[in-house]
Amino acid sequence: MMFVWPISIYYEDTDAGGVVYHSNYLNFFERARTQWLKTMGVRQAKLLAEDIAFVVKHVDIDFRKAAKFEQDLLVESKVVELKKASLVFHQRLVDHQGDCYCEATVVVACISLSRMRPRAIPLNIVQEFDSAR
């Protein structure tokens, strides 16, 4: 299963030439992962109160085509690997015709925030992502 989240490119996302600044692609991917959690009923503020956080451990990113000011695009996200304390996402920024602007493999680790050490992903989240694969 794939989660799809629409985005619009705002002026603040771009450089002086109206092209999306490279680090903002990571912001788009982060927002899509957060929205996916929210659609599952998972609130990160509640997780933080329980000493649980998700952190990006590794990113492999490929910038394919420049996204530009005022474009409406889609972030496609899917879980490609689910481990005890980490998730691997494949994410793409595409237009409505399916042309890819950027894609990334993102490894996200679940940690105990107070100890900054890996911990098991909560079972309810594992079950949600597992059923989405």
Side-chain angles (χ1 to χ4, degrees):
M1 179 179 157
M2 186 178 308
F3 178 77
V4 179
W5 185 62
I7 64 156
S8 294
I9 306 298
Y10 298 107
Y11 186 74
E12 69 185 26
D13 299 321
T14 64
D15 60 18
V19 174
V20 170
Y21 188 70
H22 69 280
S23 66
N24 284 329
Y25 292 95
L26 294 171
N27 293 335
F28 302 152
F29 293 155
E30 175 76 29
R31 291 175 196 153
R33 291 191 308 273
T34 298
Q35 287 299 126
W36 195 355
L37 283 173
K38 286 175 80 174
T39 64
M40 291 191 275
V42 176
R43 296 293 185 258
Q44 289 192 45
K46 184 175 184 285
L47 292 175
L48 291 172
E50 296 171 359
D51 195 40
I52 301 168
F54 287 99
V55 297
V56 173
K57 181 181 179 202
H58 179 83
V59 175
D60 184 13
I61 192 163
D62 187 9
F63 302 99
R64 296 180 171 258
K65 187 175 176 180
K68 298 182 180 171
F69 177 51
E70 293 190 331
Q71 275 188 290
D72 292 319
L73 300 170
L74 303 167
V75 178
E76 299 175 342
S77 305
K78 65 180 176 178
V79 174
V80 294
E81 192 173 350
L82 179 59
K83 295 183 178 178
K84 182 178 179 180
S86 66
L87 297 148
V88 179
F89 291 89
H90 184 256
Q91 294 184 274
R92 297 178 354 125
L93 181 66
V94 299
D95 62 21
H96 291 274
Q97 290 73 43
D99 290 333
C100 183
Y101 289 74
C102 182
E103 68 181 318
T105 300
V106 183
V107 180
V108 177
C110 184
I111 65 165
S112 163
L113 193 56
S114 63
R115 295 183 356 198
M116 296 302 285
R117 304 283 300 157
R119 59 145 293 153
I121 299 169
L123 185 57
N124 65 314
I125 297 173
V126 170
Q127 290 170 335
E128 288 286 343
F129 279 124
D130 203 31
S131 68
R133 294 187 328 145

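Just so it is clear, the values below take in all heavy atoms, side chains as well, and ignore hydrogens, waters and symmetry mates. Keep in mind the model is a prediction, meaning the values are calculated, not measured.
Side chains of S86 and P118 form no contact here, defined as non-hydrogen atoms less than 4.5 Å apart. Put simply, the side chain of E103 does not reach to within 4.5 Å of the side chain of Q91, judged on heavy atoms. No side-chain heavy atom of L93 sits under 4.5 Å from any side-chain heavy atom of V20. F54 has its side chain out of reach of V42: every pair of non-hydrogen atoms, C-beta onward, lies at least 4.5 Å apart.
The main-chain N or O of S77 is never found under 3.5 Å from a side-chain atom of R92 such that the two would form a donor-acceptor pair. Side chain of Y25 to main chain of Y101: no donor-acceptor pair is present (N/O by atom type, distance under 3.5 Å, no hydrogens or angles). A donor-acceptor pair under 3.5 Å is formed between the side chain of D51 and the backbone N or O of S114.
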Check the pair K68, I9 against side chain to side chain contact (heavy atoms under 4.5 Å, CB included), reporting the backbone distance first and the verdict last.
CA-CA 7 Å; K68 298 182 180 171; I9 306 298; over 6 Å; no

Salt bridge (Lys or Arg N to Asp or Glu O under 4.0 Å) between K83 and E81, intermediate numbers included
CA-CA 7 Å; K83 295 183 178 178; E81 192 173 350; 3.5 Å; yes

Between V56 and R33, is the side chain to side chain contact (heavy atoms under 4.5 Å, CB included) condition met? List the steps.
CA-CA 11 Å; V56 173; R33 291 191 308 273; 3.5 Å; yes

Before you tell me yes or no, could you show the steps for V19 and T14 under side chain to side chain contact (heavy atoms under 4.5 Å, CB included), namely the whole-Å CA-CA distance, both residues' side-chain angles and the distance that decides it to 0.1 Å?
CA-CA 5 Å; V19 174; T14 64; 5.7 Å; no

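The aromatic rings of W36 and F129 sit perpendicular to each other, their planes meeting at more than 60°, with 30° as the lower class boundary.
Between C102 and C100, the shortest heavy-atom contact is O-SG, 3.5 Å. Residue D13 comes nearest to S8 through the heavy atom pair OD2-O, 3.8 Å, listed as atom of the first residue, atom of the second, then distance. Closest approach of E12 and N24 over heavy atoms only: O-ND2, 4.1 Å. The shortest heavy-atom contact between A32 and F3 is O-CE2, 3.5 Å.
To the nearest 0.5 Å, atoms CD1 (I52) and CD (Q44) are separated by 11.0 Å. F29 CZ to E76 CD: the interatomic distance, rounded to the nearest 0.5 Å, is 10.0 Å. To the nearest 0.5 Å, the span separating CG on L47 from CD1 on I121 amounts to 11.0 Å. One distance of note links CE of M1 with CD of E128; it measures 9.0 Å at 0.5 Å rounding. The CZ atom of R119 lies 10.0 Å from the NZ atom of K84; values are rounded to the nearest 0.5 Å. In this structure, NE2 in H96 is found 5.5 Å from CG in D72, a value given to the nearest 0.5 Å.
Under the 4.5 Å side-chain heavy-atom criterion for Ile, Leu, Val, Met, Phe, Trp and Tyr, L37 and F28 are members of the same hydrophobic cluster. When the side chains of ILVMFWY residues are joined at heavy-atom separations under 4.5 Å, either directly or via intervening members, L73 and F69 end up in two distinct hydrophobic clusters. The hydrophobic cluster containing I61 also contains I7, counting ILVMFWY residues as joined when their side-chain heavy atoms lie under 4.5 angstrom apart, directly or transitively. There is no path of hydrophobic side-chain contacts, each under 4.5 Å, that joins W5 to L74. Follow the hydrophobic side-chain contacts under 4.5 Å out from L113 and you reach V55 in the same cluster.
Remark: F63 CZ is packed, more than 12 non-hydrogen atoms of other residues, nucleotides or ligands lying under 6.0 Å away. Annotation: K65, atom NZ; neighbour count of heavy atoms from other residues, nucleotides and ligands within 6.0 Å is above 12.
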